[in-house]
Amino acid sequence: MTEQPAPADHVRQQLEPAAADAVRAYAARTRANADQLAAVLEDIAENGLPSVEDCTPREELRETHLARLAKQRPAVA
């Protein structure tokens, strides 16, 4: 029988400094969004659901978000 070489340890590929900074920034934004969601859920648990009058309809939120996305996208000729 032939002996197979032992598997080499896997070496992690280092990121370029700019890429590492981008990953850290994404992690920070994700953490901030999670903290904000947790705060809202804790508020709901403590105080109950907000009244309908204090809420923004889903359709209005959707249209606002779509308009924001449209501004970010270049116009197609």
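We're numbering straight along the sequence, starting at 1.
The side-chain contact (heavy atoms from CB on, under 4.5 Å) search around P17 returns none, not counting sequence neighbours.
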Please output the side-chain donor-acceptor pairs of residues 28-44 that fall under 3.5 Å, not counting sequence neighbours, one pair per line with the distance.
residue	atom	partner	partner atom	Å
T30	OG1	Y26	O	2.9
N33	ND2	R29	O	3.4
D43	OD1	N47	ND2	2.7

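V23 forms part of a hydrophobic cluster together with L15, judged by ILVMFWY side-chain heavy-atom separations under 4.5 Å.
A donor-acceptor contact closer than 3.5 angstrom links the side chains of R68 and H65.
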